[in-house]
Enquirer: 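Here's a structure for you.
Quick note: numbers below take in every heavy atom, side chains included, and nothing from hydrogens, waters or symmetry partners.
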Amino acid sequence: MTSPARPVAVVTGAAGGLGRAIATALHADGWSVLLTDLDPAAVATAATPLGGWSAALDVRDEAACAAVVATATGRGDLALWVNNAGILVTGPSWDHDGPTRRRVLDVNTLGAMNGTLAALAVMRAQGHGHVLNVVSLAGLVAAPGETVYAASKHALLAFSLGTLSDLRMAGYRRVHVSCLCPDGIWTPMLHDRLDDPGALASFTGAMLTARRVADRAVRLARRPRPVVTVPRWRGAQVRLLDALPGLAVALTPLVRAAGRAGQRRQRRRLTPPDRR
């Protein structure tokens, strides 16, 4: 008697940080995981303890996303595609030039769209599948100091939920799109931001570990939901601010103070006791 095949999952931006943590957690949960990243050597290293399945992928390239889908389906039904690849820029919106704004949108929004649509082309044909988009709480509320990043994530949230509704209107009941919206995560994306005034919003709440968010991603992969926030209370908080934009703007000085306090708190956690 042969054992059932492991479900196939693809994770973008998986060479390190949250992407690597999600790939590791999925592998432990029984998935066959194809790790992808812009850096082929780094993602190959990340994939070694997980079965060694990796591929270079620039999510900005539609054809490359389709090629990765073809590679993934070579091992069975593509059950899960995780759009995790993303970049963060901080500072006032007017400080970023056109190429920088384009790069953020190309990776965070259009790149995730490319992955979503490439995966859905197969999932719709096979009648089942799940796209999980890592959005961030910045996709639910305007984050001061991270305006361009937040704009890219707002667009991804709208695209994800609209696509899910399109699937239902077209009769696809077993093809899902979910959005995972975590608070700040202590990964390389924030490691050099402890003195960055533009990154204050990422330090205003609970600084999460990649493992905690990855574990939630695995549960979401098994039980799809349109939007999940981590932690849940922060989701309720930012949704309230989004519903009351005047209040949100008025509270900007408090957000700044909370962010500075969060940066100091994180710095203390990282400083050895004998150096404090």
Side-chain angles (χ1 to χ4, degrees), residues 9-23 26 33-40 42-43 46-47 54-73 78 80-90 96-123 129-140 143 146-164 166 176-182 185 187-190 210 213-214 217 220-221 227:
V10 174
V11 181
T12 71
L18 179 59
R20 185 171 186 172
I22 290 175
L26 288 170
V33 187
L34 173 55
L35 288 76
T36 72
D37 198 274
L38 190 62
D39 186 335
V43 78
S54 69
L57 175 62
D58 184 342
V59 297
R60 296 170 295 182
D61 186 335
E62 289 183 74
C65 290
V68 166
V69 167
T71 298
T73 55
L78 177 59
L80 178 68
W81 181 287
V82 181
N83 283 307
N84 166 76
I87 55 176
L88 171 68
V89 296
T90 61
H96 304 304
D97 58 17
T100 298
R101 294 193 300 271
R102 170 63 66 180
R103 184 166 60 94
V104 173
L105 290 167
D106 278 351
V107 175
N108 294 358
T109 309
L110 297 176
M113 288 181 180
N114 290 339
T116 298
L117 296 174
L120 289 181
V122 168
M123 293 174 178
H130 185 188
V131 174
L132 195 165
N133 288 328
V134 178
V135 176
S136 160
L137 286 183
L140 297 175
E146 299 177 359
T147 304
V148 175
Y149 173 79
S152 72
K153 293 298 188 175
H154 272 68
L156 177 56
L157 183 74
F159 172 79
S160 302
L161 296 178
T163 299
L164 178 59
D166 288 342
H176 307 280
V177 180
S178 295
C179 296
L180 182 63
C181 300
I185 311 169
T187 66
M189 184 178 280
L190 291 180
V213 179
L220 182 58
V227 178

Enquirer: Tell me, do Leu190 and Leu88 make a side-chain contact under 4.5 Å, heavy atoms counted?
Expert: yes
Enquirer: Tell me every residue that passes salt bridge (charged side-chain N to carboxylate O under 4.0 Å, His left out) with Asp58, counting only those two or more places apart in sequence or in another chain.
Expert: Arg60
Enquirer: Any side-chain heavy atom of Asn114 within less than 4.5 Å of one from Val59?
Expert: no
Enquirer: Roughly how far, to the nearest 0.5 Å, is the OG atom of Ser54 from the CG atom of Leu34?
Expert: 7.5 Å
Enquirer: Please identify each residue that fulfils side chain to side chain contact (heavy atoms under 4.5 Å, CB included) with His96, with sequence neighbours left out.
Expert: Val89, Thr100, Arg101, Val148
Enquirer: For a 4.5 angstrom cut-off between non-hydrogen side-chain atoms, does Thr71 reach Val10?
Expert: no
Enquirer: My understanding is that only residues two or more places apart in sequence, or in another chain, count here; which of them pass side chain to side chain contact (heavy atoms under 4.5 Å, CB included) with Ala42?
Expert: Ala15, Asp39
Enquirer: Would you say Asn108's side chain and Ile87's backbone share a donor-acceptor pair under 3.5 angstrom?
Expert: yes
Enquirer: Do you know the tightest heavy-atom contact between Ala9 and Leu26?
Expert: CB-CD1, 4.2 Å
Enquirer: Give a yes or no on whether the backbone of Ala56 and the side-chain of Thr36 come within a donor-acceptor separation of less than 3.5 Å.
Expert: no
Enquirer: Under 4.5 Å between any side-chain heavy atoms of Leu78 and Val69, yes or no?
Expert: yes
Enquirer: Is the closest side-chain heavy-atom distance between Asp37 and Leu35 below 4.5 Å?
Expert: no
Enquirer: If I compare all heavy atoms of Asn83 with all of Ala112, which pair ends up nearest, and what's the gap?
Expert: ND2-O, 3.2 Å
Enquirer: Write down the atom of Met189, the atom of Gly86, and the distance for their closest heavy-atom approach.
Expert: CE-O, 3.6 Å
Enquirer: What is the minimum heavy-atom distance between Cys179 and Leu157, and which atoms define it?
Expert: SG-CD1, 3.7 Å
Enquirer: So do the side chains of Leu120 and Trp81 get within less than 4.5 Å of each other, counting heavy atoms only?
Expert: no
Enquirer: Check whether any side-chain heavy atom of Val134 lies under 4.5 Å from a side-chain heavy atom of Ile22, and answer yes or no.
Expert: yes
Enquirer: Would you confirm whether Thr187, through its side chain, and Leu18, through its main-chain N or O, come within 3.5 Å as a donor-acceptor pair?
Expert: no
Enquirer: Taking the side chain as every heavy atom from C-beta outward, state whether Thr116 and Ser160 have any pair of such atoms under 4.5 Å apart.
Expert: no
Enquirer: What are the two closest non-hydrogen atoms of Met123 and Val131, and how far apart are they?
Expert: SD-CG2, 4.0 Å
Enquirer: State the CG-OH distance between Leu105 and Tyr149, to the nearest 0.5 angstrom.
Expert: 12.5 Å
Enquirer: Using every non-hydrogen atom in the two residues, find where Ala221 and Leu80 come nearest and quote the distance to one decimal.
Expert: CB-CD2, 3.8 Å
Enquirer: Report the distance from atom CG of Asn133 to atom CE of Met113, rounding to the nearest 0.5 Å.
Expert: 10.0 Å
